[in-house]
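I have placed the structure first, in the form of structure tokens, so that the comments after it can refer back to it.
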Amino acid sequence: MMSSFSRYYSSKKVDLKKMRPMILKRIQDRAKDYPVHRMIPVAEEVLNSRRILIEGVSTLLKAVPVVACKFCPEVYIGDKGHLIQTCPGFKRHGRNRVHEWVTGSLKDVLVPVEAFHLKHMFQDVIKHNQRFDYDRVPAVVELCWQAGANDENLYSGTWNPESDCAAVEEAESLSPAELTLVANGTLRAWEVLRNGVKKLLMVYPAKVCKDCSEVHVGPSGHKARLCGLFKYERWQGTHFWRKPSVDDLVPPNIVWRKRRQDPPMLLNEGKGYYGHAPAVVELCSQAGAVVPTKYHCMMKMDGLTGNVNQGFTPSAI
């Protein structure tokens, strides 16, 4: 019995140099399984939906006012902002301050998430001193490229969300019916994009840092020390990778929303009653789009407002 135990649980060290050719061969054999041909139409649909989404949001921004905080990522779909005190202030020197609003742009609604563009999926791991040798492209585009979508215009240089897709000309002159049509198409593209990315993440490997928002599309993360959380610790900016979700590649960017029963400007005292929605969904909703029912609970469509029954608290409802 002891002989069989020693045979299966030997303490002899493994010679990694002898195993290296076998490991490399397994990696090369695994690369032959990609791209998965059945997922190529999904990747192409995601790219097309992304283009429609950017065009639609760019058009709606000319008709629906959007403001963004000067010191933090807070966004509000409206012309005057709100008075909810959730701003950390300049360089995070304070907490729970009133936001200072400026005019918002496309990147405030569609948060850009970039990743390194790999020559092929199973290439060598990117080292820290190689970080400038690789282009940075949108993570969704990189995922679609590795999934087999082919577009020569995808990697024309550093991505600029303002010039990615142009808005419809003369958007200010669109009739309410035409604006509603654009909003419904934009919201539909948003849902197709997120559903497509969810399907691709089930098939293709990707990583996201658990301490920051860095995304890497590939079987293993890179070694570029860019993580700000441990920049001055003994880890020296090394990322700690985990499996990503759709929100990591396509951030929903949740914003406060004003309902018909709310005051003209949202107050800090009623923040426990107000609803939320993804920025794209709220933008399309204000342009006349029909919001899917799955967002109604988050939006608190028929919930109480802060100036009703002051004796109640949100936790007691």
Side-chain angles (χ1 to χ4, degrees), residues 34-36 39 42-51 53-54 57 68 72-75 106-118 121-122 125-126 131 134-149 154-155 158-161 164 186-187 189-231 235 237-255 276-283 292 294-295 298:
Y34 293 95
V36 180
M39 299 302 294
V42 178
E44 293 175 346
E45 184 182 38
V46 168
L47 283 181
N48 185 54
S49 299
R50 176 180 174 273
R51 178 185 59 81
L53 176 64
I54 296 177
V57 172
C72 73
E74 183 79 10
V75 178
L106 177 62
K107 66 180 181 180
D108 295 315
V109 178
L110 297 176
V111 180
V113 178
E114 295 185 345
F116 285 113
H117 171 42
L118 305 182
M121 183 188 300
F122 294 95
V125 177
I126 300 175
R131 63 191 185 279
Y134 295 86
D135 294 332
R136 298 280 291 180
V137 298
V140 171
V141 176
E142 176 66 14
L143 179 64
C144 293
W145 179 83
Q146 291 191 18
L154 293 182
Y155 306 106
T158 304
W159 180 60
N160 181 7
D164 201 326
T186 303
L187 187 55
W190 167 259
E191 294 297 324
V192 173
L193 172 66
R194 288 180 58 87
N195 291 334
V197 170
K198 182 178 180 179
K199 294 177 183 177
L200 293 176
L201 288 177
M202 293 180 180
V203 179
Y204 290 90
K207 302 289 182 182
V208 64
C209 180
K210 69 177 184 179
D211 297 316
C212 69
S213 58
E214 177 70 11
V215 173
H216 181 77
V217 182
S220 60
H222 59 74
K223 293 185 178 180
R225 299 189 295 271
L226 304 173
C227 186
L229 184 63
F230 298 108
K231 186 175 181 181
W235 292 281
T238 302
H239 294 288
F240 292 87
W241 303 105
R242 64 171 176 82
K243 185 177 179 60
S245 63
V246 179
D247 292 345
D248 296 314
L249 273 72
V250 188
N253 196 13
I254 304 298
V255 300
H276 300 81
V280 173
V281 176
E282 177 63 12
L283 180 67
K294 66 179 182 179
Y295 295 109
M298 179 192 303

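Since the model is a prediction, treat every value here as computed from it, not as a measurement. One-based numbering along the sequence shown.
The CH2 atom of W190 sits 11.0 Å away from atom CG of L283, with the distance rounded to the nearest 0.5 Å. Atoms CG and OG1, from L193 and T186 in turn, are 12.0 Å apart once rounded to the nearest 0.5 Å. Taking CD of E44 as the start and SG of C144 as the end, the distance is 9.5 Å to the nearest 0.5 Å. Taking CZ from R136 and CD from E142, the interatomic distance works out to 10.5 Å, rounded to the nearest 0.5 Å. Here the OG1 atom belonging to T238 is positioned 9.5 Å from the CG atom belonging to L226, to the nearest 0.5 angstrom. Atom CE in M39 sits 6.5 Å away from atom OH in Y204 (nearest 0.5 Å).
Between A149 and L47, the closest heavy-atom pair is CB-CD1, 3.6 Å. Of all heavy-atom pairs between M298 and A277, the closest is SD-CA, 3.7 Å. Between V140 and L249, the closest heavy-atom pair is CG2-O, 3.9 Å. The two residues L53 and A189 make their nearest non-hydrogen contact at N-CB, 4.0 Å.
Residues V217 and L118 fail the side-chain proximity criterion, which asks for heavy atoms closer than 4.5 Å.
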Report the C-alpha separation of E282 and Y295 in whole Å, then their side-chain angles, then the decisive distance to 0.1 Å, and conclude whether the side-chain contact (heavy atoms from CB on, under 4.5 Å) test is met. CA-CA 10 Å; E282 177 63 12; Y295 295 109; over 6 Å; no
Trace of the side-chain contact (heavy atoms from CB on, under 4.5 Å) decision for R50 with V141: CA-CA 9 Å; R50 176 180 174 273; V141 176; 3.6 Å; yes
Could you give me the CA-CA distance, side-chain angles and deciding distance for V192 and N48, then say whether side-chain contact (heavy atoms from CB on, under 4.5 Å) is met? CA-CA 10 Å; V192 173; N48 185 54; over 6 Å; no
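Residue pairs that meet the salt bridge (charged side-chain N to carboxylate O under 4.0 Å, His left out) test with at least one member in residues 241-254, sequence neighbours left out, are R194-D247, R242-D248.
In this structure H239 satisfies the ring pair (Phe, Tyr, Trp, His ring centres under 6.0 Å) test together with H222, W241, sequence neighbours excluded. Listed by chain and residue number, nothing satisfies the side-chain hydrogen bond (donor to acceptor under 3.5 Å, both in side chains) test with N253 (two or more places apart in sequence, or in another chain).
The pair E191-K294 counts as a salt bridge, with a side-chain nitrogen and a carboxylate oxygen less than 4.0 angstrom apart.
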